[in-house]
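Everything quoted here is computed from the prediction, not taken from an experiment. A note on names: the letters A, B, ... follow the listed sequences, proteins ahead of strands, and every chain is numbered from 1.
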2 protein chains.
Amino acid sequence: MVYDRGMKIGELANKTGLTTKTIRYYEDIGVLPEPGRHANGYRSYHPSVIDRVGFIKDAQASGLSLIEIQVILELRDEGESTCGHTVRLLESHLEDVQTQIIDLHRTKTLLEKMIVKAKALDPADCLNPNRCQTISATHLQMEGTGTE
Amino acid sequence: MVYDRGMKIGELANKTGLTTKTIRYYEDIGVLPEPGRHANGYRSYHPSVIDRVGFIKDAQASGLSLIEIQVILELRDEGESTCGHTVRLLESHLEDVQTQIIDLHRTKTLLEKMIVKAKALDPADCLNPNRCQTISATHLQMEGTGTE
DNA sequence: AAATACCTTCCAGCCGACTAGAAGGTTTGT
DNA sequence: ACAAACCTTCTAGTCGGCTGGAAGGTATTT
């Protein structure tokens, strides 16, 4: 059963660039399966786990959360016809990404406007709190004291 | 000193769309100044705070963190020439946003490829774990068992 | 006088992805 | 023989931006 050729956690950490802490954490939340154990209780990893970690990293880099990744991997581990689920998950995530891109573009535009506006100000005005409109995107005059 | 015409917190909440909890939280972290108090100890807000909240919301919508906003407002409250600093902050944040947009486009492309790939697969193959390549972005074959 | 709708403070928890440290067991090297 | 470098489990903390609840004070209405 326990074939002692399996990597120990430190070795896996070295090969994947994760820390041992992170590996155990991934195991806790289920994105990495519970590994076998050596006779002494140490975790024993099959080389294929390296690929699995690679997948996790790729998926993470694509913006999937560990929870989403966990769902995909779980389904896959069950040998289910994962593709349908996965495609749906991916598509839903793609939508999120598209929304995020749009939002970021809005943000970018806003920032650019703010910067242009700020730069156009006479520096002297900056010392006058009643005139500093640097950031005021729309209606803000940055006036006054807050409270009395 | 305490002029009782000031808004109470609930009124400010109504006018700004923040909750009273959030307003107190903003006070705690310093993006809103400590307000005056009514005779009974209730917070008493000057109307200008509404604008300040508006500024905070705009800045937040631009992706600035409350900490960054706090820095700007603090400087401004001190009568500093905030504009230069603010512009620098905004520009640095703009760079971040641009990077994020690029990253997200990469992600989007990756996701689209993954989806296309997944859809192109013969559904039957999905039942074969050794063939299900749905998600494998680059090098992943999604093969095998994890560990023994 | 009581109900209600405010207000006050403080403490606790949520999300996600870790990271740190304590307290111990094991293995390797000299 | 003993230190160092590994491994184990467990608990708890970090960041940011809130949100919730408890336990109490106050103001208004009935």
Side-chain angles (χ1 to χ4, degrees), chain A residues 2 4-32 34-45 49 52-53 55-73 93 96 100 103 107 147, chain B residues 2 4-32 34-45 49 52-53 55-73 89 93 96 100 107 147:
Chain A
V2 176
D4 270 8
R5 307 185 317 278
M7 281 176 285
K8 285 187 287 180
I9 196 169
E11 203 178 337
L12 180 63
N14 274 339
K15 287 190 178 160
T16 57
L18 299 178
T19 65
T20 58
K21 291 272 190 193
T22 303
I23 291 168
R24 286 194 206 95
Y25 169 69
Y26 280 5
E27 184 183 324
D28 282 350
I29 63 167
V31 295
L32 286 182
E34 289 192 17
R37 296 284 175 152
H38 291 274
N40 58 12
Y42 288 10
R43 286 171 176 77
S44 168
Y45 291 97
V49 177
R52 195 183 176 107
V53 171
F55 165 71
I56 293 166
K57 285 187 158 191
D58 282 355
Q60 249 186 331
S62 304
L64 293 175
S65 71
L66 288 175
I67 300 297
E68 290 172 311
I69 294 167
Q70 198 256 349
V71 170
I72 294 173
L73 288 173
H93 187 66
D96 291 350
Q100 282 172 44
D103 285 352
T107 298
T147 43
Chain B
V2 175
D4 269 10
R5 307 185 316 280
M7 279 176 286
K8 285 185 286 178
I9 195 168
E11 203 178 337
L12 180 62
N14 273 339
K15 287 191 176 155
T16 58
L18 299 179
T19 65
T20 58
K21 289 274 188 191
T22 302
I23 291 168
R24 287 193 206 95
Y25 169 69
Y26 281 4
E27 184 183 325
D28 284 347
I29 64 168
V31 296
L32 286 182
E34 289 193 17
R37 297 282 174 154
H38 291 275
N40 56 11
Y42 289 9
R43 286 170 177 79
S44 166
Y45 292 98
V49 178
R52 195 182 175 106
V53 171
F55 165 70
I56 293 166
K57 285 188 158 191
D58 282 354
Q60 250 186 331
S62 304
L64 294 177
S65 71
L66 288 175
I67 300 297
E68 290 172 310
I69 295 167
Q70 199 256 348
V71 170
I72 294 173
L73 288 174
L89 221 159
H93 189 65
D96 291 351
Q100 283 172 43
T107 296
T147 44

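Without hydrogens or angle criteria, A:Lys57 side chain to A:Thr16 main chain gives a donor-acceptor distance under 3.5 Å. In terms of modelled atom types and a separation under 3.5 Å, the side chain of B:His93 and the main chain of B:Glu68 share no donor-acceptor contact. Distance alone, capped at 3.5 Å, places no donor-acceptor pair between the B:Arg43 side chain and the B:Gly6 backbone.
In this structure, B:Glu68 places its CD atom 16 Å from P of D:dC15, rounding to the nearest Å. In this structure, CD of A:Gln70 is placed 17 Å from C1' of C:dC18, rounded to the nearest angstrom. Atom-to-atom, CD1 of B:Ile67 to C1' of D:dC18 comes out at 13 Å; the value is rounded to the nearest Å. One atom, CD1 of B:Ile56, and another, C1' of D:dG17, lie 13 Å apart when rounded to the nearest Å. One atom, CG of B:Leu66, and another, P of D:dC15, lie 15 Å apart when rounded to the nearest Å. The nearest whole Å value for the distance from the CZ atom in B:Arg37 to the P atom in D:dG25 is 16 Å. B:Ile9 has its CD1 atom 13 Å from the P atom of D:dT19, to the nearest Å. Distance B:Leu12 CG to C:dC6 P: 15 Å, rounded to the nearest Å.
For the segment residues 19-32 of chain A, the set of residues with a heavy atom within less than 4.0 Å of an atom of DNA chain C comprises A:Thr19, A:Lys21, A:Thr22, A:Tyr25, A:Tyr26, in numerical order.
Interatomic distance, A:Glu34 CD to A:Asp28 CG, rounded to the nearest 0.5 Å: 9.0 Å. Distance check, rounded to the nearest 0.5 Å: CG of A:Asn14 to CD1 of A:Ile9 gives 11.5 Å. Taking CD1 of B:Ile56 as the reference point, atom CG of B:Leu73 lies at 6.0 Å (rounded to 0.5 Å).
Within the structure, every side-chain polar atom (N or O) of B:Arg43 is placed at least 4.0 Å from both OP1 and OP2 of C:dC7.
Inter-residue side-chain proximity for A:Ile72 and A:Leu64 is flagged as met; some heavy-atom pair is nearer than 4.5 Å.
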Nucleotides 27-30 of chain D: which of its N/O atoms have a protein N/O under 3.5 Å away?
residue, atom, partner, partner atom, Å
D:dA27, OP1, B:Asn40, ND2, 3.2

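Computed from C1' positions of five pairs at each end, the angle between the two local axes of the helix from C:dA1-D:dT30 to C:dT30-D:dA1 equals 30°, rounded to 10 degrees.
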